[in-house]
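Take a look at the structure below.
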Amino acid sequence: MAYWLMKSEPSAYSIDDLKREGQTHWDGIRNYQARNYMREMQLGDEAFFYHSNCSPPGIVGMMKVIKTVYTDHTAFDPKDIHFDPKSKQDQPRWEMVDLAYGATFPNILSLSALRAEPSLETLVILRKGNRLSITPLSEGEWQVILKLAS
DNA sequence: GCCAACGTTGGC
DNA sequence: GCCAACGTTGGC
């Protein structure tokens, strides 16, 4: 089973939103590498929910993959903020997965705390300027994150 | 295929 | 608001 890191701006969609709704479509991903990672996601995989572009940024909880990748229909909707005219009905360019709420950490695992952990120095989110909104985690990384979060 | 221009992300 | 990083686009 794999572990992932998935970012969202809480002003757009937060862990509290997910907790209230129980599950969600992870739509709006418009980055090829992130999409390709979603294609690798398997049922039962776990994902850490990272709040970005907020104060403080950090990992706030966990989710579980409950539906593997399928067409992101929001790309077809001209009124949707993530509309992409290059994604055609007969040849969709973008995809999404479904995730279920798992847990909210008792304390946010802040970016600064993650940075202070030497064993996480290669964690992709910590690389300055990295735009990837979805990244796979190595076993060493997710184990340390779980330990720090408990 | 190169590369400059441009847009987005996201921490600070 | 600033700015570094970096993905995307398009001319050639």
Side-chain angles (χ1 to χ4, degrees), chain A residues 2-21 24-41 45-65 68-99 101-138 140-150:
Chain A
Y3 280 79
W4 306 87
L5 183 88
M6 306 179 78
K7 299 188 208 174
S8 176
E9 302 193 9
S11 60
Y13 195 80
S14 72
I15 188 90
D16 289 338
D17 294 325
L18 178 58
K19 184 176 186 179
R20 179 169 1 95
E21 296 171 6
T24 192
H25 316 292
W26 206 262
D27 61 283
I29 296 298
R30 298 293 179 267
N31 171 285
Y32 291 105
Q33 199 176 351
R35 181 205 62 186
N36 293 343
Y37 283 138
M38 281 200 294
R39 287 178 171 173
E40 296 178 23
M41 290 185 182
D45 279 4
E46 306 227 35
F48 294 99
F49 195 136
Y50 179 90
H51 277 180
S52 66
N53 204 12
C54 58
S55 184
I59 300 173
V60 292
M62 302 203 64
M63 311 179 275
K64 187 173 288 239
V65 176
T68 53
V69 78
Y70 61 107
T71 300
D72 181 349
H73 53 77
T74 66
F76 304 139
D77 180 1
K79 294 189 293 293
D80 193 281
I81 190 173
H82 297 299
F83 173 61
D84 180 359
K86 285 179 277 194
S87 186
K88 307 294 187 189
Q89 294 272 358
D90 57 351
Q91 196 169 6
R93 179 171 299 209
W94 303 114
E95 296 167 323
M96 60 187 175
V97 297
D98 285 0
L99 296 156
Y101 174 78
T104 302
F105 292 160
N107 301 106
I108 182 172
L109 186 47
S110 70
L111 177 57
S112 62
L114 292 166
R115 278 212 174 102
E117 184 60 41
S119 55
L120 291 179
E121 62 188 349
T122 61
L123 193 60
V124 178
I125 56 154
L126 302 182
R127 294 197 189 116
K128 196 172 181 185
N130 197 303
R131 301 176 63 230
L132 251 196
S133 58
I134 298 175
T135 53
L137 298 172
S138 71
E141 287 169 339
W142 63 255
Q143 285 182 346
V144 169
I145 291 170
L146 280 179
K147 193 178 106 201
L148 291 173
S150 64

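Computed from a prediction, not measured in an experiment: that's the story for all the values here. A note on names: the letters A, B, ... follow the listed sequences, proteins ahead of strands, and every chain is numbered from 1.
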Over how many whole Å does the gap from A:Arg35 atom CZ to C:dG7 atom P extend?
-> 15 Å

Once you round it to whole Å, what is the distance between P of C:dG7 and OH of A:Tyr37?
-> 11 Å

Detail all sub-3.5 Å separations between protein N/O atoms and N/O atoms belonging to nucleotides 9-11 of chain C.
from  : atom 1 : to      : atom 2 : distance (Å)
C:dT9 : OP1    : A:Lys86 : NZ     : 2.5

What's the CG-C1' distance between A:Asp84 and B:dT8, to the nearest Å?
-> 15 Å

Got a sec, which residues hit salt bridge (charged side-chain N to carboxylate O under 4.0 Å, His left out) with A:Asp17, two or more places apart in sequence or on another chain?
-> A:Arg20

Measure up the A:Trp142 and A:Tyr3 rings against each other and bin them: parallel (under 30°), tilted (30 to 60°), perpendicular (over 60°).
-> parallel

How many Å lie between CH2 on A:Trp94 and C1' on C:dT8, as a whole number?
-> 10 Å

Starting at atom CD1 of A:Ile29, determine the distance to atom P of C:dG7, rounded to an integer number of angstrom.
-> 15 Å

Parallel under 30°, tilted from 30 to 60°, perpendicular over 60°: which one fits the rings of A:Tyr13 and A:Trp26?
-> perpendicular

Compute whether any side-chain donor of one residue and acceptor of the other, for A:Thr74 and A:Arg30, lie under 3.5 angstrom apart.
-> yes

Would you mind listing every salt bridge (charged side-chain N to carboxylate O under 4.0 Å, His left out) that reaches into residues 81-94 of chain A, with sequence neighbours excluded?
-> none

Are A:Tyr32 and A:Trp94 close enough that their ring centers fall under 6.0 Å?
-> yes

